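The model shown is predicted, which means the values in this text are computed figures rather than measured ones. All values below were derived from every heavy atom in this structure, side-chain atoms included, with hydrogens, water molecules and symmetry-related copies excluded.
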Amino acid sequence: MVENDLGIYAYDMGSLDFEQVADGKYDANTVNVLVKTVFINKDVLKKLKKDYESKLQGKEKVLYCTMQMQYKMQEKLYTVKAMEVFTNTNRQIDVKKNNNKFAPIPEKSFAEALYEVCQKFVTDVEKAQQEALAQQNSN
């Protein structure tokens with residue numbers, strides 16, 4: 001999806017979903033999405049190797065992380081609910097949970113590009129719901 005000096009970012013299309021609230025209902029203003037970042041910056045990789053050296057086994061290296069992101073669509077805010085760090089052997093070596101503190105989406109950032117993906121998801125779902133309703137009403 002996006003590449004910057006930190007890494008390559010991709011999102012899991014199947015993970016796009018609205019936040020589930022009480023009684024199986026959904027909050028159409030809150031979108032969840034899973035993102036994977038593969039680290040490519042040599043300086044970042046060196047720092048991660050140093051930070052996690054006690055958790056690495058043999059010749060393992062820190063390779064990527066996944067982030068459970070959440071967007072408040074109308075407010076244009078986002079948060080990283082959880083981040084998991086993995087090695088090149090796909091072994092999880094760290095999990096960080098966030099207190100769900102939301103922040104404004106920085107311009108020209110990976111978070112902004114993903115917000116636009118979430119906007120399209122919301123629009124597509126609304127359109128599908130309207131079409132389904134129209135189909136029901138015509139029967």
**Q** With a 4.5 Å limit on heavy-atom distance, are the side chains of Phe110 and Val35 in contact?
**A**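 Of all side-chain heavy-atom pairs linking Val35 with Phe110, at least one is under 4.5 Å.
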**Q** If I compare all heavy atoms of Met73 with all of Tyr115, which pair ends up nearest, and what's the gap?
**A**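 Shortest heavy-atom contact: O-OH, 2.7 Å.
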**Q** State, to 0.1 Å, how close Val122 and Ala28 come at their nearest heavy-atom pair, and which atoms those are.
**A** CG2-O, 4.4 Å
**Q** Residues two or more places apart in sequence or in another chain: which of them pass side chain to side chain contact (heavy atoms under 4.5 Å, CB included) with Pro104?
**A**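 Partners of Pro104 by the side chain to side chain contact (heavy atoms under 4.5 Å, CB included) criterion, ordered by chain and then number, come out as Leu77.
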**Q** With sequence neighbours excluded, what pairs up with Ser15 under the side chain to side chain donor-acceptor pair (under 3.5 Å) test?
**A**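 Here no residue qualifies.
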**Q** So which heavy atom on Met69 is nearest to which on Leu114, and how close?
**A**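 Closest heavy-atom pair between Met69 and Leu114: SD-CD2, 3.8 Å.
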**Q** In sequence, state the C-alpha distance, the side-chain angles, and the governing distance for Asp12 and Val33, and then conclude on side-chain contact (heavy atoms from CB on, under 4.5 Å).
**A** CA-CA 7 Å; Asp12 178 356; Val33 61; 6.0 Å; no
**Q** Ring-plane angle category for Phe121 and Phe18, please: parallel below 30°, perpendicular beyond 60°, tilted otherwise.
**A**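 Ring orientation of Phe121 relative to Phe18: tilted.
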**Q** Should Val117 and Val80 be counted in the same cluster of Ile, Leu, Val, Met, Phe, Trp and Tyr side chains packed under 4.5 Å apart?
**A**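 Hydrophobic grouping puts Val117 with Val80.
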**Q** Taking only residues two or more places apart in sequence, or in another chain, which ones meet Tyr64 in a ring pair (Phe, Tyr, Trp, His ring centres under 6.0 Å)?
**A** Phe86
**Q** For Asn98 and Lys81: C-alpha separation, side-chain torsions, deciding distance, then whether side-chain contact (heavy atoms from CB on, under 4.5 Å) applies.
**A** CA-CA 5 Å; Asn98 193 344; Lys81 292 176 69 171; 5.5 Å; no
**Q** Between Arg91 and Glu60, is any pair of side-chain heavy atoms under 4.5 Å apart?
**A**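 Side chain of Arg91 against side chain of Glu60, heavy atoms only: contact under 4.5 Å found.
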**Q** With sequence neighbours left out, which residue pairs that include part of residues 64-75 fulfil the salt bridge (charged side-chain N to carboxylate O under 4.0 Å, His left out) condition?
**A**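 Of all non-adjacent pairs touching residues 64-75, none passes salt bridge (charged side-chain N to carboxylate O under 4.0 Å, His left out).
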**Q** Could I get the full list of side chain to side chain donor-acceptor pair (under 3.5 Å) partners for Gln68, not counting sequence neighbours?
**A**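 None.
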**Q** Looking at Ala111 and Tyr71, what are the two nearest heavy atoms and their distance?
**A**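 Of all heavy-atom pairs spanning Ala111 and Tyr71, the closest is O-OH, 2.8 Å.
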**Q** Per the salt bridge (charged side-chain N to carboxylate O under 4.0 Å, His left out) rule, what does the pair list look like for residues 110-120, sequence neighbours excluded?
**A** Lys120-Asp124
**Q** Test of understanding: with side chain to side chain donor-acceptor pair (under 3.5 Å), list the residues that count as partners of Thr66, not counting sequence neighbours.
**A**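 So Thr66 forms no side chain to side chain donor-acceptor pair (under 3.5 Å) with any residue.
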**Q** What's the shortest heavy-atom distance between Thr37 and Gly7, and which atoms?
**A** CG2-CA, 4.5 Å
**Q** So, for Thr87 and Leu63, which heavy atoms are closest and what is the spacing to 0.1 Å?
**A**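 Looking at all heavy atoms of both residues, the closest pair is C-CB, 3.9 Å.
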**Q** Would you please name every residue forming a side chain to side chain contact (heavy atoms under 4.5 Å, CB included) with Gln130, sequence neighbours left out?
**A**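 Testing Gln130 for side chain to side chain contact (heavy atoms under 4.5 Å, CB included), a comparison that skips the adjacent residues, returns none.
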**Q** If you look only at distance, which donor and acceptor atoms sit under 3.5 Å apart when one is on a side chain in residues 44-53 and the other is two or more places apart or in another chain?
**A**
from  : atom 1 : to    : atom 2 : distance (Å)
Lys47 : NZ     : Asp51 : OD2    : 2.8
Tyr52 : OH     : Asp94 : OD2    : 2.7

**Q** Is the backbone of Asp27 close enough, under 3.5 Å, to the side chain of Thr30 for a donor and an acceptor to pair up by distance?
**A** no
**Q** So, taking the atom named CD in Glu84 and the one named NZ in Lys96, what distance separates them when rounded to the nearest 0.5 Å?
**A**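 Reported value, rounded in 0.5 Å steps: 12.0 Å.
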**Q** At what distance, to the nearest 0.5 angstrom, does SG of Cys65 lie from OH of Tyr9?
**A**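 Going from SG on Cys65 over to OH on Tyr9, the span is 7.5 Å.
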**Q** Once rounded to the nearest 0.5 Å, what's the spacing between atom CD of Glu131 and atom CG of Leu133?
**A**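 Atom-to-atom, Glu131:CD and Leu133:CG are 11.0 Å apart.
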**Q** Not counting sequence neighbours, list each pair that qualifies as a ring-ring contact (aromatic ring centres under 6.0 Å, His included) and has a residue in residues 25-44.
**A**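 For residues 25-44: none.
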**Q** Suppose we screen for side chain to side chain donor-acceptor pair (under 3.5 Å). Which residues come up paired with Glu19, at least two apart in sequence or across chains?
**A**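 Result, side chain to side chain donor-acceptor pair (under 3.5 Å) vs Glu19: Asn32, Gln70.
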**Q** Using 0.5 Å steps for rounding, measure from the NZ atom of Lys59 to the CG atom of Asn88.
**A** 11.5 Å
**Q** A side-chain contact here means heavy atoms from C-beta on lying under 4.5 Å apart; do Val31 and Asp17 qualify?
**A** no
